J.: 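Just dropping this structure here.
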There are 2 protein chains.
Amino acid sequence: MTETTRRPSGHATLRDVAALAGVSIKTVSRVVNHEPGVMPDKVVAVERAMRMLDYRPNLAASSLRRADGRTATIAALLEDIANPFSAEIHRALEDVARQRGVLILAGSVEESPETERALVRAFTARRVDALVIASATENQGYLEREVSDGTPVVFVDRTPVGFAADSVVTDNAAGAGRAVAHLVTHGHQRIAFLGDLRTITTERERHTGFMQAMTERGLPVRSDHVAHDLHTELDTENAVQRILTGDDAPTALFAAQNNITVATVRCLQRLGLEHEVALVGFDDFPLADLVRPGVTVMAQDPSAIGRLAGEIVFARLAGDDSPAECHVVPTQLVVRGSGEIPPPAS
Amino acid sequence: MTETTRRPSGHATLRDVAALAGVSIKTVSRVVNHEPGVMPDKVVAVERAMRMLDYRPNLAASSLRRADGRTATIAALLEDIANPFSAEIHRALEDVARQRGVLILAGSVEESPETERALVRAFTARRVDALVIASATENQGYLEREVSDGTPVVFVDRTPVGFAADSVVTDNAAGAGRAVAHLVTHGHQRIAFLGDLRTITTERERHTGFMQAMTERGLPVRSDHVAHDLHTELDTENAVQRILTGDDAPTALFAAQNNITVATVRCLQRLGLEHEVALVGFDDFPLADLVRPGVTVMAQDPSAIGRLAGEIVFARLAGDDSPAECHVVPTQLVVRGSGEIPPPAS
DNA sequence: CCGGGTCTTGACATCGATGTCAAGCGGGCC
DNA sequence: GGCCCGCTTGACATCGATGTCAAGACCCGG
């Protein structure tokens, strides 16, 4: 008869524990929450009963009644949790949250505004304590209605428009500018730009940074050396092929996103040009050092972004009500070879 | 006066909507849940009130009272959500879940039994509807007490011990055997084994498959050609260096895990041996095709594992109570060059 | 015009917990 | 001995929703 008295419906409740321990449910609640002022012998009895019944507090019921209504859960809306950039942010966030006993609900937005809204709605229905979001919409004003007052929102990788909230972003324009500077230092004058969907603000910032750096140096950018909206591997391959086989082909390429960089490397290898055409990518990726030549990149620091976003969330939850701020995480040039290829002596 | 009547505490409740629409809360509840038998004009009034107040149902309160107690949330305990293998599973799971309006709570176990238990407890406290778990413990009997009766549990990548539940795993032993067969076909006789922590069951299965395939072919395996417990990049580099510089060095390497494979490639490149020593890795990874030589691997299909696990979860939730099954997802040999290097003519 | 059925509707108990408050008890002080 | 005080403890209302059930409106046939 070691059978525990489990009710058929599922878990034991405070009531069951109270009955077994011979005390009121309130006393059990006090023991569970380590409130002071319970006689030691009752504490022992309650703890014994909890063990016997495998009691697990029901967090949903608890947070329903609790004054602050906290659920110890925060939501992360990222671009695609399988993409290394998003996955690193997610992981860093998890580490910060776990120290505080908080769990993460994650969802992939996939650059779809509809998905984003649906997810926000699903998260708020679960009354998450905070939202960390890489938004795919042009304007986040809708959050004003969706998110209840006082729920912290922190934007990662994108700055908010139409909604006041903290954000943690990479210094996209400056990073793109430094990539251009690096290539120019190595003698390049004709540099092509390969970018993702223009609906993505980071892509626009990188494009702006690129153009500005070129203009500052008096270098012209031919419009057929700028490719936008490359969102699949095929898009990129077509663009690279077209750009490199035209007249007056560029001697260097700037790939403004990690998937684009990888697709570009693959295309260069197929064309046998990986040692002829210089390449700098934006955002680092695993194994960039193992490819020949190694891929020079402007590395972002997704882990730092996630960590910082997490810290801001908890500061806000702890009551920090200073004005919303935009935190900029710098990029770092990682030299590996592809960005140091000189232009052909003409 | 477009100000909405929002209570200071946060969201509007059924009560608020009911008051504004001039009906009872039960009628509002009926409209929210699309229950039939409400007069059209009341439906309209309620919907107008819901819009005016930005009403969002409180899922926690709802699931507390609901007969089935479902929270529309499932938990995923994976090894490390930033590792591509785990991230793919996570993503596939998310896709299956989202179709059904279910969200995912994820946590990284990091091969730590303590973390695993703590996470399981945190998840059950939130009354998740199901658990998908890549367990790091030797025995999962403890789940019997933790998980309430009727909550589906599906193991991924590891088979359960001491707990009856469905599992979805890769055919580790057979895959390792096929890797050996492939190398032998290309003329290798001295093959080394590089494996992860022996506490991980998949590592043990791959090791078993490796040894069995060697033995079947009458090929001896020297104990100093077997390296276990390589869990950091440094561990692997040391092991590879030691193995390749010993006498009678192996002519081929079998790396039993993706991080180990990558570390091995890095080490071979540094030693300048990447075109001399053959290498087959277990588990594919991004850019394996871009390295020179391309890395031949026994590819797992994490996306299929995640999808299948998700489908099993929902079948169980829908009432399927057939006996627990172990689903095996086959591996696939992906030939890219590193595994086809012949042994040096002695 | 009345009995019986269907259709709407809302009052009320309930899910599992926490917050409020007052009762009961014992001890110290005047 | 009586009063006040602090410490424990439990009864009860409550959080935001759903399930139960009965009341009332309405229509039908007899």
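Because the structure is a prediction, the values reported are computed rather than measured. Residue numbers start from 1 in every chain, and the chains themselves are labelled A, B, ... in the order their sequence lines are given, proteins ahead of strands.
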J.: How close or far is atom P of dG16(C) from atom OH of Y55(A), stated in whole angstroms?
T.: 10 Å

J.: Can you list the residues that meet the salt bridge (Lys or Arg N to Asp or Glu O under 4.0 Å) rule with E114(A), with sequence neighbours excluded?
T.: none

J.: Could you check which of dA11(C), dT18(D), dG16(D) has an atom nearest any side-chain atom of L64(A)?
T.: dG16(D)

J.: Rounded to whole Å, how long is the line connecting atom CG of D41(A) with atom C1' of dT8(D)?
T.: 11 Å

J.: Roughly how many Å is it from CD in E35(B) to P in dC21(D), rounded to a whole number?
T.: 15 Å

J.: Of the options dA17(D), dT9(C), dT9(D), whose atoms approach the side-chain atoms of A61(B) most closely?
T.: dA17(D)

J.: In whole angstrom, what separates D16(B)'s CG from dC15(D)'s P?
T.: 11 Å

J.: Begin with the C-alpha distance, continue with both residues' side-chain angles, and end with the deciding distance and a verdict on side-chain contact (heavy atoms from CB on, under 4.5 Å) for V169(A) and H327(A).
T.: CA-CA 6 Å; V169(A) 299; H327(A) 301 255; over 6 Å; no

J.: Measure NZ/K42(B) against P/dC7(C) and give the value in whole Å, please.
T.: 17 Å

J.: Atom CG of N33(A) to atom C1' of dT20(C): distance rounded to whole Å?
T.: 16 Å

J.: What is the distance from CE of M50(A) to P of dA17(C), rounded to the nearest Å?
T.: 11 Å

J.: Output the single nucleotide from dC21(D), dT18(C), dT9(D) whose closest atom is nearest the side chain of R30(B).
T.: dC21(D)

J.: On DNA chain C, check which nucleotide each of M39(B) and R127(B) is closest to and give me the residue with the more 5' one.
T.: M39(B)

J.: Write down the distance between CZ (R15(B)) and C1' (dA17(D)), rounded to a whole number of angstrom.
T.: 11 Å

J.: I'd like to know if the side chain of E88(B) reaches the main chain of P302(B), judged simply by a donor and an acceptor atom lying under 3.5 Å from each other, with no hydrogens or angles considered.
T.: no

J.: Quick one: does D166(A)'s side chain have a donor or acceptor within less than 3.5 Å of a partner on E325(A)'s backbone?
T.: yes

J.: Is the side chain of R126(B) donor-acceptor paired with the backbone N or O of A122(B) at a distance under 3.5 Å, no angle test?
T.: yes

J.: From the list dG16(D), dA17(C), dT20(D), which nucleotide is the closest neighbour of the side chain of R65(B)?
T.: dG16(D)

J.: So, is S29(A) close to the dA17(C) phosphate, meaning a side-chain N or O under 4.0 Å from OP1 or OP2?
T.: no

J.: Look at the side-chain N and O atoms of S62(A) and state whether any lies under 4.0 Å from the OP1 or OP2 oxygen of dA17(C).
T.: no

J.: Let me know, please, whether G22(A) or I25(B) comes out on the 5' side of the other along DNA chain D by nearest nucleotide.
T.: G22(A)

J.: Closest to the L14(A) side chain: dA17(C), dT9(D), dG16(D)?
T.: dA17(C)

J.: So V32(B), base contact, sugar-phosphate only, or nothing? Heavy-atom distance under 4.0 Å.
T.: nothing

J.: Taking OP1 and OP2 of dT9(D), is either one under 4.0 Å from a side-chain nitrogen or oxygen of T27(A)?
T.: no

